[in-house]
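What follows is a set of notes on a single structure, which appears directly below.
Count residues from 1 along the sequence.
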Amino acid sequence: MASLSLRHIYKKYPGGVTAVSDFNLEVKDKEFLVLVGPSGCGKSTTLRMIAGLEEITEGELFIGDRLVNDVAPKDRKIAMVFQNYALYPHMSVFENMAFGLKLSKVPKETIKKKVEEAARVLDITHLLDRKPKALSGGQKQRVALGRAIVRDPLVFLLDEPLSNLDAKLRATMRTELTKLHNRVETTFVYVTHDQVEAMTMATRIVVMKDGLIQQVDTPQTLYDNPVNIFVAGFIGTPQMNFLNGSLVRKEDGVYFVYEGNELKLPQDKAEAEALQEYIGQEVVAGLRPECIHDDELSISKCHGATVECDVDVTELMGAEIYLYLTVGEEGRLTARVSSRSTTRAGEKITVGFDMDRMHFFDKDTERCFLH
């Protein structure tokens, strides 16, 4: 098993394009680390540099205590699982899983033992004689994972391995991958643009944008304490609401003024040192959809922080309802409420804001100055 250390890693292409900038990260042994971000943010490039498939322009990469910048991919003791599975169509499942071991001149008996053990872990023993064309997408994914497992790698690298599967199978495979990680106790580095995958599987998440790390933390901390507007908006479904307004001090406290509504801040927020320099200034407030309420009991606990709005659209999601709302001239909000809600499109309603859970961001830098 091994840790990973990426120290001031850069990837620059001819023509002045920098795909990854000053990437610093320590990946702990047996960790399930997920790199997440929009297309083109540099996450797959970073993974390919770890694998040795992309040359590192600047910086140092260690696997365990070993500097591997100039080590060939086959000698790095890593295994990579690709988005398209990359199975050989003319070989059986057994032969696909055994292929890398054969190239390494591993004895036949050892190969047979390793393949059968991996097949049992992945529940594909009954598929060993089949060719890839006779397999479903989920089965092909398991075979690709099996081919990686038999090599006993120090690090597993997975590049969007579930993106070709349908939604139901993706959810199943997320669970299977988490169980697999617990079983094999190896370091996993996983790339995805799907923040649901990141939130459900990772021990830590790296959020990237434009080749730069925005924040590295546990899923819950990223959700509760995002460092900037980008992270706040990227993590969470539906995404966080962003409200343009200003902070005003009155005799009885500090208020956030939004679309003509004055919403009083809780005392601890109003007295926070970080807030004081923003009094009288325009700021951006952030509020998760589940912190906007349409039922009387929850609204009564919002201490008068209420807003009138028009209901544009309601979406029943089964266990909950999404409300798409308009406040004033330009305010747009999404609320996540109980499936028992009686709110309907076309109505004018009053909603309550949970001000204890409101985040505040600097309008210029977009950094969060108060959670």
Side-chain angles (χ1 to χ4, degrees), residues 1-11 18-51 54 56-65 68 78 80 154-161 174 177-178 181-182 185-237 239-240 274 286 288 359 361-362 365-371:
M1 306 306 107
S3 57
L4 265 177
S5 181
L6 294 91
R7 302 175 188 175
H8 304 289
I9 298 285
Y10 285 81
K11 179 61 186 179
T18 302
V20 178
S21 296
D22 200 20
F23 192 101
N24 286 287
L25 186 66
E26 299 292 326
V27 185
K28 303 178 191 120
D29 185 25
K30 301 177 187 176
E31 186 169 22
F32 197 132
L33 186 97
V34 177
L35 302 177
V36 70
S39 297
C41 71
K43 56 191 186 296
S44 288
T45 303
T46 303
L47 196 76
R48 290 173 66 81
M49 285 192 285
I50 297 170
E54 290 274 2
I56 295 170
T57 309
E58 289 177 39
E60 295 178 320
L61 172 64
F62 289 84
I63 298 178
D65 298 325
V68 296
I78 52 96
M80 192 154 179
L154 296 173
V155 181
F156 275 94
L157 306 176
L158 301 102
D159 191 3
E160 306 218 24
R174 284 203 305 265
L177 275 172
T178 305
H181 173 252
N182 293 336
E185 294 189 322
T186 307
T187 307
F188 277 44
V189 182
Y190 186 104
V191 159
T192 181
H193 63 274
D194 184 339
Q195 54 95 15
V196 175
E197 283 181 23
M199 291 291 285
T200 52
M201 293 193 292
T203 47
R204 278 194 309 157
I205 298 173
V206 180
V207 183
M208 293 183 69
K209 178 191 178 190
D210 300 333
L212 294 164
I213 293 176
Q214 301 295 304
Q215 188 172 357
V216 184
D217 222 313
T218 62
Q220 197 62 52
T221 301
L222 283 179
Y223 192 81
D224 292 337
N225 302 311
V227 296
N228 59 29
I229 286 177
F230 177 79
V231 175
F234 195 83
I235 300 294
T237 305
Q239 80 159 36
M240 182 182 283
R288 295 279 180 202
H359 308 262
F361 303 90
D362 186 296
T365 66
E366 300 193 346
R367 303 290 295 179
C368 186
F369 63 84
L370 184 64
H371 293 297

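Between the side chain of Lys43 and the backbone N or O of Leu35, no donor-acceptor pair lies under 3.5 Å. Arg7 contributes no side-chain N or O that, together with a main-chain N or O of Phe62, makes up a donor-acceptor pair within less than 3.5 Å. Under a 3.5 Å cut-off, the side chain of Gln195 and the backbone N or O of Gly236 do form a donor-acceptor pair. The backbone N or O of Lys30 sits less than 3.5 Å from a side-chain atom of Thr187, completing a donor-acceptor pair.
Here the CE atom belonging to Met208 is positioned 11.5 Å from the CZ atom belonging to Phe234, to the nearest 0.5 angstrom. Taken to the nearest 0.5 Å, the CG atom of Asp65 stands 6.5 Å off from the OG atom of Ser3. Note: Glu160 CD to Ser44 OG = 5.5 Å, rounded to the nearest 0.5 Å. Here Glu54 contributes atom CD and Ile9 contributes atom CD1; the two are 12.5 Å apart, rounded to the nearest 0.5 Å. Here CZ of Phe23 is found 11.0 Å from OG1 of Thr45. Values are rounded to the nearest 0.5 Å. Atom CD1 in Ile50 sits 8.5 Å away from atom CD1 in Ile56 (nearest 0.5 Å).
Of all heavy-atom pairs between Ala2 and Gly64, the closest is CB-N, 4.1 Å. Here the closest heavy-atom approach between residue Lys11 and residue Thr57 is recorded as CA-OG1, 3.4 Å. Residue Val34 comes nearest to Thr192 through the heavy atom pair CG1-CG2, 3.7 Å, listed as atom of the first residue, atom of the second, then distance. Nearest heavy atoms, His359 versus Asp224: CE1-O, 2.9 Å. Met240 and Gly286 get closest at one heavy-atom pair: SD-CA, 3.6 Å. Looking at every heavy atom in both residues, Gly42 comes nearest to Thr46 through O-OG1, 2.8 Å.
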Query raised in the report: Step by step, would you call Met49 with Leu6 a side chain to side chain contact (heavy atoms under 4.5 Å, CB included)?
Result: CA-CA 10 Å; Met49 285 192 285; Leu6 294 91; over 6 Å; no
Report task. Starting from the C-alpha separation in whole Å, work towards a yes-or-no answer on side chain to side chain contact (heavy atoms under 4.5 Å, CB included) for Asp22 and Tyr10. Result -> CA-CA 6 Å; Asp22 200 20; Tyr10 285 81; 3.3 Å; yes
Report task. Please step through side chain to side chain contact (heavy atoms under 4.5 Å, CB included) for the pair Asn24 and Ile213, ending with a clear verdict. Result -> CA-CA 8 Å; Asn24 286 287; Ile213 293 176; 5.6 Å; no
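Just one residue in the list Ile235, Val231, Val207, Asp217 forms a side chain to side chain contact (heavy atoms under 4.5 Å, CB included) with Pro226, and that residue is Val231. Each of Leu33, Ile78, Leu61, Leu154 was compared with Leu4 under the side chain to side chain contact (heavy atoms under 4.5 Å, CB included) criterion, and only Leu61 meets it. Of the candidates Lys209, Gln215, Gln214, Gln214 is the only one forming a side-chain hydrogen bond (donor to acceptor under 3.5 Å, both in side chains) with Asn228.
Aromatic ring pairs are classed by plane angle as parallel below 30°, tilted from 30° to 60° and perpendicular above 60°; the pair Phe32 and Tyr190 is tilted. By the 30° and 60° cut-offs, the orientation of the rings of Phe156 relative to Phe188 is tilted.
Side-chain contact check for His8 and Glu58: no donor-acceptor pair (N or O, by modelled atom type) lies under 3.5 Å.
The number of heavy atoms from other shown groups lying within 6.0 Å of CG (Asn182) is above 12.
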